[in-house]
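This report refers to the structure that appears directly beneath it.
Chain naming here is simple, since letters A, B, ... match the order of the sequence lines and numbering starts at 1 in each.
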Number of protein chains: 2
Amino acid sequence: MAATTAMASSGSSNRIEAQPLYVKARNIMVNRLIAGEWRPGQLLPSEFSIADDLGVSQGTVRKAMDDMTAQGLLVRKQGRGTYVAEAEDNSILFRFYRLTPDDSDATTDKAEFPESDYLAQSQGQATKQEQDIFLLSSEDMVWRFERLRSDPLGPILWERLVLPARQFPDFTPTTRLPNNVYQFYSSRYGIIVAKVNEKLRAVTAPQNVSQLLGLPDQAPVLEIDRRAVALNDQVVEWRISLCRSDRLHYRNELK
Amino acid sequence: MAATTAMASSGSSNRIEAQPLYVKARNIMVNRLIAGEWRPGQLLPSEFSIADDLGVSQGTVRKAMDDMTAQGLLVRKQGRGTYVAEAEDNSILFRFYRLTPDDSDATTDKAEFPESDYLAQSQGQATKQEQDIFLLSSEDMVWRFERLRSDPLGPILWERLVLPARQFPDFTPTTRLPNNVYQFYSSRYGIIVAKVNEKLRAVTAPQNVSQLLGLPDQAPVLEIDRRAVALNDQVVEWRISLCRSDRLHYRNELK
DNA sequence: AAACTTCAGTCTTGTATAAGACATAAGACA
DNA sequence: TGTCTTATGTCTTATACAAGACTGAAGTTT
């Protein structure tokens with residue numbers, strides 16, 4: 001082991017922080033991701049060189065990376081190296097997309113990713129609720145989108161999407177979100193979405209929505225309230241979707 | 001290393017199966033769980049003794065166990081040993097229970113586990129659909145339950161539950177399921193539920209259900225179609241729940 | 001001369017093992 | 001009864017080697 005380095009405390013000092021080396025290593029590396037020092041798609045230094053940098057062995061760095069890989073943060077390729085995951089990796093396009101046509105039974109048989117029609121897009125001051133969600137003050141601005149998403153058979157869902165303006169500085173009232181937003185956040189702004197929290201309810205569709213979706217009046221639809229949170233635990237996106245439930249369902253696998 | 005054992009192939013035979021030792025070890029151990037050789041709650045032999053048994057090193061066995069622990073199959077306790085997980089471990093009571101009152105915001109603030117009132121219970125021949133789900137023949141029998149589940153504030157959901165009779169030989173028309181069924185399957189029959197697949201829809205409640213739940217006629221409710229699958233990939237439980245969605249929601253966290 | 005193949009060297013991640021640290025429980029002993 | 005010792009577990013770290021992937025030199029063919 002190296003003589004004197006950042007991590008190798010080695011002095012059995014009276015510091016209370018009894019934390020395994022690989023946990024410290026993981027924290028350091030995750031912080032580099034948060035800080036944007038390592039950006040999505042980037043090739044990381046090799047396990048050996050990181051180990052050398054941190055003053056630990058390759059196995060320890062590797063164990064730290066195990067967690068991050070399992071979490072989907074990193075992607076390893078034997079013989080080539082380890083990359084910061086992009087939203088497209090791992091067929092992760094569908095990681096957060098749970099809607100499936102009723103007929104396709106196989107779990108692997110994925111639906112097409114729906115297209116989007118934009119109904120409205122505007123910037124405005126954050127409402128009380130939005131301030132709570134994004135931890136903003138009353139002067140802060142947010143972007144709001146309304147769009148209708150459809151697959152080849154017709155409209156699937158209506159959704160309202162809110163983003164804190166600060167995180168997306170170069171937006172204009174005419175910039176459209178791409179189809180895969182998390183890929184977009186990742187590649188363009190370096191925002192890594194670590195998880196999303198969803199709340200599902202069954203509600204009766206408002207008249208305008210049921211019309212847009214081509215559903216009868218008072219039809220029941222699935223309401224999905226989703227908050228995407230980044231690695232630093234900040235909410236970076238809030239969306240409410242109203243999904244038709246007559247030919248689609250929300251599929252979930254719990255382990 | 002031991003001289004000649006089951007796993008240490010060592011012969012460099014022309015078999016194509018190039019599988020890492022730790023994968024083989026994991027398969028062997030999972031099979032012991034499936035076979036019931038190791039039952040839920042049981043203390044496993046130590047990593048060293050298993051390693052000795054399989055003819056590999058402790059580290060390899062440990063790596064195999066890492067996966068199983070992450071999967072929730074095993075529970076490790078430093079200094080004591082490794083146990084086969086019980087359904088109650090890991091506050092796993094709520095692992096498959098995703099319904100939360102609207103007011104409780106914190107993810108850790110768990111709702112009370114609801115009580116059950118049984119409306120019907122009977123044994124009968126498997127329908128076509130049930131044969132498909134459980135891979136049964138037309139003569140095979142199933143148990144069917146109907147129950148109303150309530151929390152202190154009143155009824156929450158109505159559900160119909162189907163079990164293949166073969167798996168639960170000592171059932172009678174009056175035996176009630178305990179509140180935590182997966183704990184029950186595990187401790188009594190050694191059936192380890194590895195995962196559950198759920199399909200969610202928004203539907204209008206049938207009149208009898210809306211009455212039972214105290215909802216207005218035509219109220220939208222959340223329909224949850226759940227299939228619990230055991231370690232051997234067999235479906236061991238099928239249930240359809242209709243949940244009130246006015247003061248509860250289904251919460252999901254995707255990583 | 002240009003294009004292709006082969007192969008060795010060197011980089012990477014993946015696998016297996018060993019040794020010691022740390023945690024817990026049970027018996028020895030004052 | 002309380003403390004110490006010991007045995008037996010898991011947990012952490014390090015090391016050695018295997019296997020995949022790229023690079024470039026050397027040879028071969030066209």
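- Look at CG on Asp67(A): it is 14 Å from P on dC11(D), rounded to the nearest Å.
- In this structure, Gly81(A) reaches the sugar-phosphate backbone alone: every heavy-atom distance under 4.0 Å involves primed, P, OP1 or OP2 atoms, never a base.
- Between Glu198(A) and Arg98(B) there is no salt bridge, since no side-chain N of the basic residue sits under 4.0 Å from a carboxylate O of the acidic one.
- Nucleotide dT13(D) holds its P atom 15 Å from the CD atom of Glu47(A), rounded to whole Å.
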| Given Watson-Crick or G-U pairs with both distances under 3.5 Å, what dot-bracket string fits DNA chain C, with | for other-strand pairs and [ ] for crossing? | ||||||||||||||||||||||||||||||

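- Of the candidate nucleotides dT17(C), dC22(C), dG20(D), dC22(C) has the atom nearest to the side chain of Gln78(B).
- One can place CD1 of Ile50(B) at 11 Å from P of dG9(D), the figure rounded to the nearest angstrom.
- In this entry the distance linking OH of Tyr22(A) with P of dA21(C) reads 18 Å, nearest Å.
- One finds no salt bridge joining Arg26(A) and Asp66(A) here, because no Lys/Arg side-chain nitrogen approaches an Asp/Glu carboxylate oxygen to under 4.0 Å.
- Under the side chain to side chain contact (heavy atoms under 4.5 Å, CB included) criterion, Arg39(B) pairs with Gln42(B), not counting sequence neighbours.
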| task | For Phe134(A) and Gln167(A), run side chain to side chain contact (heavy atoms under 4.5 Å, CB included): C-alpha distance rounded to whole Å, both residues' side-chain angles, the deciding distance at 0.1 Å, then the answer. | result | CA-CA 11 Å; Phe134(A) 295 114; Gln167(A) 305 249 24; over 6 Å; no

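- Candidate nucleotides dT12(D), dT10(D), dA16(C) were compared by shortest atom distance to the side chain of Lys63(A), and dT12(D) ranks first.
- Here Thr60(B) reaches the OP1 or OP2 of dT17(C): one of its side-chain N or O atoms lies under 4.0 Å away.
- Checking dA14(D), dC11(D), dT17(C) against every side-chain atom of Arg76(B), the shortest atom distance belongs to dC11(D).
- The phosphate of dT10(D) has neither OP1 nor OP2 within less than 4.0 Å of any side-chain N or O from Arg80(B).
- Here the nucleotide nearest the side chain of Gln58(A), chosen from dT13(D), dT17(C), dT15(C), is dT15(C).
- The nearest whole Å value for the distance from the NZ atom in Lys77(A) to the P atom in dC11(C) is 21 Å.
- Side-chain N/O atoms of Arg62(A) include none lying less than 4.0 angstrom from OP1 or OP2 on dT13(C).
- Separating the CG atom of Leu43(A) from the P atom of dT13(C) is a distance of 8 Å, rounded to the nearest angstrom.
- OP1 and OP2 of dT8(D) both lie 4.0 Å or more from every side-chain N or O belonging to Ser46(B).
- With a 4.5 Å cut-off on side-chain heavy atoms, Asn179(A) and Arg149(A) count as touching.
- Rounded to whole Å, the distance from CG on Leu74(A) to C1' on dT12(C) is 15 Å.
- Partners of Asp233(B) according to the side chain to side chain contact (heavy atoms under 4.5 Å, CB included) rule, which considers only residues two or more places apart in sequence or in another chain, are Val229(B).
- Rounded to a whole Å, the CG atom of Asp66(B) is 13 Å from the P atom of dA16(C).
- For dT10(D), the OP1/OP2 oxygens have a side-chain nitrogen or oxygen of Thr82(B) closer than 4.0 Å.
- Residues Glu237(B) and Tyr182(B) have side chains that bring a donor and an acceptor to within less than 3.5 angstrom of each other.
- Taking CZ of Phe145(A) as the reference point, atom OG1 of Thr175(A) lies at 6.0 Å (rounded to 0.5 Å).
- Looking at which nucleotide of DNA chain D each of Gly79(A) and Gly59(A) is closest to, the 5′-most match is held by Gly59(A).
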